K.L.:
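Handing you a structure now.
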Number of protein chains: 2
Amino acid sequence: MKKPVPTLAEVAKVAGVSQMTASRAINNRSGVSKEKREDIQRIADEMGYVVNRAAQRLSGGRTRVIGVMAQLHTTFTAELVLGAGGAARAAGYEMLVYSLPDNDRRPPGSVVDLLRQIADGVIALLPYESDYLETLSAAHLPVITVDYRGEESPFPSVASDSYEGGRTAVRHLAELGHRRIAHITGNERLASARDRRRAYLDTMAQLGLAIDPAQIATGDFSQRSGFEAANRLLALNPRPTAIFAANDISALGAISAIRDAGLRVPEDLSVVGFDDIPVAAQLHPPLTTIRQPMQQMGRSAVNMLLALIVGLEAPSPRITLPTQLIVRGSTVPPTARLRS
Amino acid sequence: MKKPVPTLAEVAKVAGVSQMTASRAINNRSGVSKEKREDIQRIADEMGYVVNRAAQRLSGGRTRVIGVMAQLHTTFTAELVLGAGGAARAAGYEMLVYSLPDNDRRPPGSVVDLLRQIADGVIALLPYESDYLETLSAAHLPVITVDYRGEESPFPSVASDSYEGGRTAVRHLAELGHRRIAHITGNERLASARDRRRAYLDTMAQLGLAIDPAQIATGDFSQRSGFEAANRLLALNPRPTAIFAANDISALGAISAIRDAGLRVPEDLSVVGFDDIPVAAQLHPPLTTIRQPMQQMGRSAVNMLLALIVGLEAPSPRITLPTQLIVRGSTVPPTARLRS
DNA sequence: TTAATTGACGTTAGCGCTAACGTTATTATA
DNA sequence: TATAATAACGTTAGCGCTAACGTCAATTAA
């Protein structure tokens, strides 16, 4: 009770070895005989020993903690963090998350320094409008980014296959018989948004469908931008019969706008989203969407980061995970009346 | 470049003072003259000095970091964390979040120890089925809980006024003319769920409305439980004309069940939720609900924790924040046909 | 006038750990 | 048999910081 957490020195004393040997045994380093190692580990367990990561880090060692910096209030990041946490724990690591503020005025340095002080590496889910990249690379610590401005970034990254996913979405609408297919874009500072837009353009062209610039409405992945973009699309004449939104949240906003205009989904307009966030299946109608393997992305990010930390193998600079079309109720063939 | 982050010793040398004086100046402790303090702080800024919290903690000092342990994948916790982060930063603190796993098999000790090693205190948003309370109190560090099993917990806590909120919800439905009002409960290990249930019972009684035990369907705050609970309620004869669900997510599930049964919201059944999560306003119909000040709860939790850490004033054992009825489209008077 | 108090510093020691370099016994190699 | 290489440890030093206790002057109280 007086000493809830014993120190390494105490464990070593009980085990009758030097502190360094105890350290080696507990961290599974070489230089200890098998019997002594097991002996020490058993004693440490019995004593309820827990390493002090602060001390570990201070003395220049690995802490087996990974840091995450993310804006937590989107479902996407929440799911990703969930997957990452599981993978980290499975690998014997702990994970701490720094919740990035919405409007980021403060010097990003302190955050990076904070994480560096306790973590062996960082997974960065960065807001669009930040200058964290420079700070991160100045910090000289292992970093993996998720879906962040592909080419500009010096870090390995994980993403889902936005291009193929976008193509699948457009093809799905075309196969239902839609010809006037509109697109609501995401924030084009993200490679994923650019890829989805490119997929839209390419696929429309390949299918021989007319590309009207007015049918491409700029958004930024937010609900509000989806709402506003859809309003612009609804004002077109002829009106699109289908919308491919860059993510589920903006699809949600688009559906609101459509309904507010007195139209119905999917009878008057079909809508496809991207992500497959948990609520997508619970809407009425449930949303047809392109599923991103969000938790898997988190797991992959952790594994790449661990490879970087251990330094054995150079991780591939970019991992792209496959997406999947989930057909639900928000897409149907256009009614005869709408086909012009 | 060689030394990206200078140490306190280097700052002290440049400023021409002892390391201890520099420490006092930077941490705004007494024992330094005003001029020297400002001098040192300026030099530290220019040199880009950042405290090493690991060292700070190791040597027994305050780190100005607070820890949060939470299951991040619910909107409620995400919003709360957002509010907490803002309040922490405003007070000059940093915040790190430990994302608790869903199914918690591992010894909770390591998490608590990890946080204790770097944080001055912890805000705990605990899963329903955990034994963290004992571990937390054994750790002897400042803890604030959010809405956790009120009486059992030895820690101060923050909650919203579930009882008043619940009364408001039921009164709202009654004022619209509903008489057969059902309730879908939350996980009753949480005080908030118990309070909402009690509010339902008390208010029904006070309004002179019949309480049929079959109209109280057990849920656990999850979408699935809301769906299943609503199915049980729909099988009743006579059917309820309104449902008060313990939270928005289970209200969502209930609405799915109602629709699957070929009925409409709000024409056939009115539904009230609790929380006012961001999607609530975007549903069709938008959800009438009791708004909890989620971000404010986070802010209050931080402020209570800081009071505990500084130890100046004993924080009140429990802070209860007011809720607010948000009337949207999911509640209307019962149609004449439904009034029996 | 002298002792007691206060403020502004500096010094010493140590938090718990690991890197780097010993030291010793054991084994492989010439 | 002598020598080098290896494995299994132990010792020393220090990571960056703060608590606790100096020291010394400038005040204040008696």
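Side chains are part of it too, since the values below use all heavy atoms of this structure and drop only hydrogens, waters and symmetry mates. The structure presented is a predicted model; accordingly, all values stated were derived computationally and were not measured.
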K.L.:
If you check every side-chain atom of Arg24(A), which of dC17(D), dT18(C), dG10(D) has the closest atom?
P.N.:
dG10(D)

K.L.:
Looking at Gln41(A) and Ala25(A), would you say the former's side chain and the latter's main chain have a donor-acceptor pair under 3.5 Å?
P.N.:
yes

K.L.:
With a cut-off of less than 4.0 Å, is there a side-chain N or O of Asn27(A) near OP1 or OP2 of dT18(C)?
P.N.:
yes

K.L.:
Please report the distance, rounded to the nearest Å, between CD1 in Ile40(B) and C1' in dG10(C).
P.N.:
12 Å

K.L.:
Looking at the side chain of Met20(B), which of dC17(D), dA20(D), dC17(C) is the nearest nucleotide?
P.N.:
dA20(D)

K.L.:
Among the candidates dA8(D), dT18(C), dT18(D), find the nucleotide nearest to the side-chain atoms of Leu8(B).
P.N.:
dT18(D)

K.L.:
With no hydrogens and no angle check, just 3.5 Å: does a side-chain donor-acceptor pair link Glu10(A) and Tyr49(A)?
P.N.:
no

K.L.:
For Leu114(B) and dC17(C), give me the distance from atom CG to atom C1', rounded to whole Å.
P.N.:
16 Å

K.L.:
Taking the nucleotide of DNA chain D with the nearest heavy atom to each, does Leu58(B) or Arg29(B) sit closer to the 5' end?
P.N.:
Leu58(B)

K.L.:
Just N and O in the side chain of Ser59(A): are any of them under 4.0 Å from OP1 or OP2 of dA19(C)?
P.N.:
no

K.L.:
Please, what dot-bracket string fits DNA chain D when only Watson-Crick and G-U pairs with both distances under 3.5 Å count, crossing ones use [ ] and pairs to another strand use |?
P.N.:
||||||||||||||||||||||||||||||

K.L.:
Can you tell me the distance, in whole Å, between the CG atom of Asn52(A) and the P atom of dC15(D)?
P.N.:
18 Å

K.L.:
Look at Lys36(A) and dA8(D) and indicate whether a side-chain polar atom (N or O) is within less than 4.0 Å of OP1 or OP2.
P.N.:
no

K.L.:
Starting at the 5' end of DNA chain C, which residue's closest nucleotide do you reach first, Val17(B) or Gly60(B)?
P.N.:
Val17(B)

K.L.:
Below 4.0 angstrom from OP1 or OP2 of dC9(C), is there any side-chain N or O of Ser33(B)?
P.N.:
yes

K.L.:
Where the side chain of Tyr49(A) is defined as all heavy atoms beyond and including C-beta, which of dA20(C), dC17(C), dC21(D) is the nearest nucleotide?
P.N.:
dC17(C)

K.L.:
Under 4.0 Å, counting only non-hydrogen atoms across every strand here, what does Arg53(A) touch: a base, just sugar-phosphate, or nothing?
P.N.:
nothing

K.L.:
Would you tell me if any nitrogen or oxygen in the side chain of Arg57(A) comes within less than 4.0 Å of OP1 or OP2 on dG16(C)?
P.N.:
no

K.L.:
Does Thr21(A) use its side chain to pair, donor to acceptor, with the backbone of Val17(A) at less than 3.5 Å?
P.N.:
no

K.L.:
Would you tell me whether Thr75(B) and Glu79(B) have side-chain atoms, one donor and one acceptor, within less than 3.5 Å of each other?
P.N.:
no

K.L.:
Here's a test of your reading of the structure: between Ala22(B) and Val51(A), which maps to the more 5' nucleotide of DNA chain C?
P.N.:
Ala22(B)

K.L.:
Return no unless some side-chain N or O of Thr21(A) is found under 4.0 Å from OP1 or OP2 of dG10(D).
P.N.:
yes

K.L.:
If the cut-off is 4.0 Å, is Arg62(A) near the phosphate of dT18(C), judged by side-chain N/O to OP1 or OP2?
P.N.:
no

